Amino acid sequence: MDIARAIYNLRVNKEWSQQELADKLFVSRDLVSKWETRQRRPDWQTIEKIAEIFCVQTSVIADKNELLF
């Protein structure tokens, strides 16, 4: 599961900028950029928030079992 690609694709499909997504999550645009370029990975709670914002299941973004290991 490629978390970076999933976040990028969800964001682009909504035609949102990184700043718009960052504002909805109350994080910096720089952090969204780091997620999308694989420099950082969001924690599970953030993945749940992202899924809620995009009205998708968390499994669209990541497999919780993969994140634990």
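Everything numeric here is computed off the predicted structure, so don't read it as measured data.
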- [ ] I would like to know whether Gln19 and Arg29 meet side chain to side chain donor-acceptor pair (under 3.5 Å); could you show each step before the answer?
- [x] CA-CA 5 Å; Gln19 186 63 57; Arg29 185 213 52 83; 4.8 Å; no
Open item on the list: Show the nearest heavy-atom pair for residues Asp63 and Trp44, with the distance to one decimal.
Closed with: C-CZ3, 4.3 Å
TODO: With rounding to the nearest 0.5 Å, note down the distance linking NZ in Lys14 to NZ in Lys24.
DONE: 9.0 Å
Task: Same apolar cluster (I L V M F W Y, side chains within < 4.5 Å links), Ile7/Val56 - done: yes
Open item on the list: Taking the basic N atoms (NZ, or NE/NH1/NH2) and the acidic carboxylate oxygens, is any pair closer than 4.0 Å for Glu36 and Arg11?
Closed with: yes
Open item on the list: I need the Lys64 NZ to Thr58 OG1 distance, nearest 0.5 Å.
Closed with: 8.5 Å
TODO: For residues Ile47 and Asp43, determine if any side-chain heavy atom of one lies less than 4.5 Å from a side-chain heavy atom of the other.
DONE: no
Open item on the list: Can you tell me how far apart OH (Tyr8) and CD (Gln18) are? Round to the nearest 0.5 Å.
Closed with: 9.0 Å
- [ ] Please answer: with hydrophobic residues joined when any side-chain heavy atoms are less than 4.5 Å apart, are Trp35 and Ile53 in the same cluster?
- [x] yes
Open item on the list: Quick one: does any side-chain atom of Thr37 pair with a main-chain N or O of Ser33 as donor and acceptor, under 3.5 Å?
Closed with: yes
Task: Residue among Leu21, Val60, Ile61 satisfying side-chain contact (heavy atoms from CB on, under 4.5 Å) with Phe54 - done: Leu21
Task: More than 12 heavy atoms from other groups under 6.0 Å of CZ on Arg5 - done: no
